[in-house]
> 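Below you'll find the structure I mean.
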Number of protein chains: 2
Amino acid sequence: MGRWEPGARGRLERAALTLSAEQGYEATTVAQIAAAAGVTERTFYRHFPDKVDAFFPDNTDLLATLATTAREAQDDGSPPRDAAMTALRLFAGYVAEEPERPLLSARVIPAVPALAGRDLLRQQQMVGAMAEGLVAGGADAVAARLAGEAALSAWRTALTIWRADPDRVLTDVVDEVASAASAL
Amino acid sequence: MGRWEPGARGRLERAALTLSAEQGYEATTVAQIAAAAGVTERTFYRHFPDKVDAFFPDNTDLLATLATTAREAQDDGSPPRDAAMTALRLFAGYVAEEPERPLLSARVIPAVPALAGRDLLRQQQMVGAMAEGLVAGGADAVAARLAGEAALSAWRTALTIWRADPDRVLTDVVDEVASAASAL
DNA sequence: GGTGGTGATGTCAGTTTCTGACATGGCGCG
DNA sequence: CGCGCCATGTCAGAAACTGACATCACCACC
């Protein structure tokens with residue numbers, strides 16, 4: 001693999017997020033993002049099909065991992081709802097690795113319909129992946145979907161709680177919400 | 001109000017949908033859509049902020065109507081879930097007025113992430129509007145949200161059933177799904 | 001019936017987004 | 001050392017959008 005300065009994709013993602021947080025999404029041009037990352041505008045479009053995609057890191061392997069994790073948890077005897085929560089915890093662990101990202105995203109994404117829509121689409125993909133894994137493990141289709149939606153709902157509320165108090169550990173908040181949900 | 005050939009906005013919406021259904025979304029240019037509607041490309045952008053918006057008719061008054069309808073149904077004694085269903089029925093009535101639209105949309109929107117995302121965003125706005133109306137009528141916040149989500153879920157399944165058999169009356173299918181849901 | 005205002009549209013130039021084609025340069029492998 | 005791979009650079013161009021100004025139908029008012 002030839003390389004000049006490795007990690008161009010990551011630098012582009014970070015530049016897009018930070019610049020948009022500072023000056024707004026439509027005010028920051030792709031040329032700016034590329035310059036901040038030390039590459040050309042053309043290189044940006046080799047990493048991302050379009051401008052909005054720079055705000056949503058590739059998640060194909062995440063989706064696969066969610067599916068297998070949910071399925072394995074279910075194989076170990078968990079009901080679908082708990083199995084989906086286990087998969088969600090895994091996802092929360094990934095997100096918690098760089099906590100600044102969700103904070104910046106929360107400032108940029110909701111203000112831009114194109115970004116907000118793509119965000120919802122990704123969430124639906126995650127629900128679909130978890131449900132798929134559960135179904136592959138023998139769960140009922142609608143039960144699996146409901147379990148996925150419940151996990152997503154827990155994730156959203158956990159994120160909201162955490163954003164109001166970012167000093168807490170994100171995964172702890174997720175655990176808290178998850179246990180509160182299973183108590184219902 | 002000065003006017004040349006009235007209904008430019010509607011013609012643009014229809015042209016965008018039919019052309020995209022024929023040749024695909026990215027293959028149809030805004031200039032094409034405008035020409036098919038008998039206007040200039042510039043006029044297109046006076047009616048819609050961007051290309052994707054042409055596929056989603058303005059819904060600000062629909063959202064307000066959903067909120068008041070849900071609230072009034074609740075004031076008449078319906079529990080939040082049924083009140084949200086009543087508002088949904090109203091929406092179904094609007095959609096049923098031109099049944100070709102949802103059929104074409106179903107062919108175009110899911111294939112294009114930008115459109116699919118915007119679609120989810122609109123659905124969330126509808127849920128928010130119904131929940132808002134219910135809360136204004138004194139309902140609990142989470143109960144109102146759940147009622148809205150339940151109505152949306154019923155809408156989605158009703159649409160799916162109807163698309164498999166478009167000769168049926170859409171509002172009938174909605175009623176059927178609604179009663180099945182309330183039977184749970 | 002003229003006359004002026006209003007609002008939607010046309011025209012045009014310019015920026016930004018995105019794409020295809022080709023050139024370049026570092027890095028691994030024989 | 002030479003060869004090829006692959007990410008990147010360069011350049012041209014189409015398509016998406018925007019601002020500024022002109023135009024033209026319709027409507028109100030006198």
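Throughout, a chain's letter reflects where its sequence line sits, starting with A, and its residues are numbered from 1. On a predicted model such as this, the values are computed, not experimentally measured, just so you know.
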> OP1, OP2 of C:dC18 versus side-chain N and O of A:Y45: anything below 4.0 Å?
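Checking A:Y45 against C:dC18: at least one side-chain N or O falls below 4.0 Å of OP1 or OP2.
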
> How do A:R46 and B:R46 order along DNA chain D: which one's closest nucleotide is nearer the 5' end?
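By nearest-heavy-atom nucleotide position, the 5'-most residue is A:R46.
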
> What is the distance, rounded to the nearest whole Å, between atom CZ of A:F55 and atom C1' of C:dT17?
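Between C1' of C:dT17 and CZ of A:F55: 14 Å.
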
> Nearest 0.5 angstrom please: B:T28 OG1 to B:E22 CD, how far?
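Going from the OG1 atom of B:T28 to the CD atom of B:E22 covers 9.5 Å.
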
> Taking atom C1' of C:dT9 as reference, at what distance in whole Å does atom CG of B:L12 sit?
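For the pair B:L12 CG and C:dT9 C1', the rounded distance is 12 Å.
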
> Tell me the interatomic distance from A:K51, atom NZ, to D:dA16, atom C1', rounded to whole angstroms.
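These atoms are roughly 12 Å apart.
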
> Taking all heavy atoms of A:I33 and all of A:L12, pick out the closest pair and write down the distance.
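Scanning both residues, the minimum pair turns out to be CG2-O, 3.7 Å.
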
> In this structure, how many angstroms lie between the P atom of D:dA14 and the CD atom of B:E41, rounded?
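Rounding to the nearest Å, CD of B:E41 and P of D:dA14 are 14 Å apart.
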
> Using heavy atoms to find the nearest nucleotide of DNA chain D for A:V39 and B:V52 separately, return the residue whose nucleotide is more 5′.
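Result of the comparison: A:V39.
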
> Check A:E176 with A:R168, please: is the shortest side-chain N to carboxylate O separation under 4.0 Å?
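Result for this pair is yes, salt bridge flagged.
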
> Do you know which of A:T69, A:D175, A:T171 makes side-chain contact (heavy atoms from CB on, under 4.5 Å) with A:R89?
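Exactly one pass, corresponding to A:D175.
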
> Return the value, rounded to whole Å, for the distance between atom CG of B:L115 and atom P of D:dA16.
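Those two atoms, CG and P, are 13 Å apart.
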
> With respect to the side chain of B:T43, which nucleotide from C:dT11, D:dA15, C:dG10 is positioned closest?
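So the nucleotide nearest the side chain must be C:dG10.
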
> Could you state the atom-to-atom distance from CZ of A:R42 to C1' of C:dA23 in whole Å?
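Distance check: A:R42 CZ to C:dA23 C1' gives 14 Å.
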
> Counting only side-chain nitrogens and oxygens, does A:T29 get under 4.0 Å of the OP1 or OP2 atom of C:dT17?
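Indeed, a polar side-chain atom of A:T29 lies that close.
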
> Nearest whole angstrom, please: distance from the P of C:dT16 to the CD of A:Q23.
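The distance from CD of A:Q23 to P of C:dT16 comes to 12 Å, rounded to the nearest Å.
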
> What is the distance from CZ of B:F44 to P of C:dA8, rounded to the nearest Å?
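In whole Å, C:dA8 P lies 17 Å from B:F44 CZ.
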
> Are any of A:H47's side-chain N or O atoms less than 4.0 Å away from OP1 or OP2 of D:dA7?
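Indeed not, no polar side-chain atom of A:H47 lies that close.
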
> With a 4.0 Å cut-off, would you call B:D50 and B:R118 a salt bridge?
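A salt bridge is present here (some side-chain N lies under 4.0 Å from a carboxylate O).
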
